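One structure is given here, and the rest of the page talks about it.
Just so you know, ligand 1 is whichever comes first in the structure, and atom 1 is the first atom listed for that ligand. Since the structure is predicted, the reported quantities are computational estimates derived from the model, not experimental observations.
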Amino acid sequence: MQADSTKQNLVGLSQPVLETFFADLGEKPFRARQLMQWIHQRGADGFDVMTDMSKSLRAQLNEVAEIALPQAVSEQRSVDGTVKWLFAAGGGQAIETVFIPEPGRGTLCISSQVGCALNCAFCATGAQGFNRNLTSAEIVGQVCYANRVLPPRASGDPAVSNVVFMGMGEPLANYRSLIPALEILLSDYAYGLSRRRITVSTSGIVPQLKRLGDDCNVSLAVSLHAPNDELRSRLVPINSMHPIAELLQACWAYAAKRANRYITFEYVMLKGINDSLQHAEQLAALLRDKPAKINLIPFNPFSGSDFERSSVATIEHFQRRLRDLGLIATTRKTRGDDINAACGQLAGKVSDRIRVRLGDRKRRVAAS
Ligand code: SAH
Ligand code: SF4
């Protein structure tokens, strides 16, 4: 971000916070709505264009505030139309954002942290370690940037129709920035996305999951990846703190708040690790008769990873068994892997502050 630390960046402020900001300037609450439209819908990158505000207010805004968006360090385009940006995150670090075009929709996969502390065994971001949380401006800024540089959809609507928090980081570990970012994505004065079109993906930080259900009940994806605690704790270490039973209980409570809207359970297919038919049966037993959909993700390798992707036939058998047992199961199409933009491949540039080393990960998995 090119932020001037003496000025207030308005990109990540939700409507109530902006209303307070304007009240402090002696202005009416409707200024907040005007400003949000200028930034998030009308592409303003400064205050001078805001001709529906008085000259003196614009001068005041120039003095105390700014509109600072993430700065793209690089842009890569896949043969399948997927676009990946690397955004500077200060201190030589960077986060990644991926745009996935499909007929009638455009999905933006955004990051919530510089790295991730949760250290899942099969994830490139986890292998990088953790540096810091993104601000709400940096989270929303990814969407703002994409809509500004990508052509609108055929309908004339902005390019981004769906947002998924499946880039770098664990969104629920950055709750304080996540909530204002979600409020801005949902706001009619900004992106106007419905709760259905925003998906928060989590590896299962249960206390924040419960809070999210009350604060901002958007669509939820849960990274399950294993059907029993012994295996899941090896693959997704947070499971030792919040085991499967506790996680699922929180999931069903979350779903109940939105009239049993489905929760997606992500399950990365790792050859010889979690992909047997017995695993499929265990998984079905956990999720049967619940508002659950299973999304199988073929493992995407990255440099230094220990795992292999399950074969196409194994994934098909696994999916069929789940369906035979009455579950809704789909397999995620791998997109953008020629530019390392597929799930779990986003590594950005992270200088680890908590000293998680790849060697530790290898020992943990090997010891199992
Ligand atoms: N931290 C959140 C969101 C980011 S990861 C979470 O874990 O849910 C988004 C999804 O990609 C998760 O389901 C994650 O488990 C999955 N993933 C991570 N590494 C992967 C890899 N190498 N191949 C396929 N999927 C992966
Ligand atoms: Fe973090 Fe999600 Fe990667 Fe696990 S899978 S290390 S929670 S980003």
Side-chain angles (χ1 to χ4, degrees), residues 95-98 100 107-131 133-134 139 142 163-175 178 198-206 208-209 212 218-226 231-242 247 251 263-271 273-275 293-310 315 330-337 340-348 350 352 354 356 358 360-361 364-365:
I95 51 144
E96 292 184 314
T97 305
V98 178
I100 305 143
T107 302
L108 196 70
C109 175
I110 64 175
S111 293
S112 55
Q113 298 183 307
V114 183
C116 182
L118 296 188
N119 202 17
C120 299
F122 47 81
C123 171
T125 307
Q128 298 266 309
F130 173 73
N131 190 276
N133 283 327
L134 295 183
I139 296 175
Q142 297 167 65
V163 173
V164 297
F165 285 77
M166 295 184 187
M168 295 167 67
E170 166 53 50
L172 293 187
N174 184 12
Y175 200 79
L178 175 68
I198 304 174
T199 303
V200 168
S201 175
T202 178
S203 59
I205 307 186
V206 170
Q208 278 84 339
L209 180 51
L212 186 71
V218 292
S219 300
L220 185 67
V222 172
S223 294
L224 195 57
H225 303 317
L231 180 56
R232 187 162 193 267
S233 294
R234 272 196 279 141
L235 298 175
V236 184
I238 188 81
N239 192 69
S240 313
M241 209 182 288
H242 302 295
L247 173 60
C251 288
I263 291 176
T264 301
F265 289 89
E266 295 158 290
Y267 194 100
V268 63
M269 294 297 287
L270 304 167
K271 185 177 191 170
I273 304 278
N274 65 353
D275 62 352
K293 291 182 195 173
I294 300 163
N295 193 212
L296 304 175
I297 315 176
F299 170 67
N300 293 306
F302 54 93
S303 102
S305 62
D306 308 310
F307 297 104
E308 286 175 65
R309 179 185 291 183
S310 307
I315 298 176
T330 51
T331 299
R332 191 174 294 177
K333 249 201 293 168
T334 297
R335 297 285 303 259
D337 54 349
N340 285 338
C343 288
Q345 291 185 320
L346 303 186
V350 180
D352 184 8
I354 58 162
V356 175
L358 196 56
D360 294 340
R361 298 151 55 83
R364 195 180 71 230
V365 176

Those atoms of ligand 2 less than 4.0 Å from some heavy atom in [X]:
{"X": "Asn119", "value": "6 (S)"}
{"X": "Gly126", "value": "6 (S)"}
{"X": "Ser203", "value": "7 (S)"}

Any side-chain heavy atom of [X] sitting closer than 4.5 Å to one from [Y]?
{"X": "Leu209", "Y": "Leu247", "answer": "yes"}
{"X": "Ile139", "Y": "Asn174", "answer": "yes"}
{"X": "Tyr267", "Y": "Asn295", "answer": "no"}

At the 4.0 Å heavy-atom cut-off, does Gly169 count as touching ligand 2?
->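 Contact present.
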Is any N, O or S atom of Cys120 under 2.8 Å away from atom 1 (Fe) of ligand 2?
-> no
Looking only at heavy atoms, which two atoms of Ala226 and Leu231 are closest? And how far apart?
->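 The answer is CB-CG, 3.8 Å.
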Donor-acceptor under 3.5 Å ([X] side chain, [Y] main chain):
{"X": "Ser111", "Y": "Glu96", "result": "yes"}
{"X": "Arg309", "Y": "Pro301", "result": "no"}
{"X": "Asp275", "Y": "Ile315", "result": "no"}
{"X": "Asn133", "Y": "Gln113", "result": "no"}

Contact check: Cys123 to atom 3 (Fe) of ligand 2, N/O/S below 2.8 Å = yes
Could you tell me whether Val236 approaches ligand 2 through its side chain, its backbone, both or neither, with non-hydrogen atoms closer than 4.0 Å?
-> neither
CD (Gln208) and CD (Glu170) are apart, to the nearest 0.5 Å, by 8.5 Å
Could you pull out every protein residue that has a heavy atom closer than 4.0 Å to ligand 1, ordered by chain and then number?
->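 Under the 4.0 Å cut-off, ligand 1 touches Phe122, Cys123, Phe165, Met166, Gly167, Gly169, Glu170, Ser201, Thr202, Ser203, Ser223, His225, Glu266, Val268, Ile297, Pro298, Phe299, Asn300, Cys343, Gly344.
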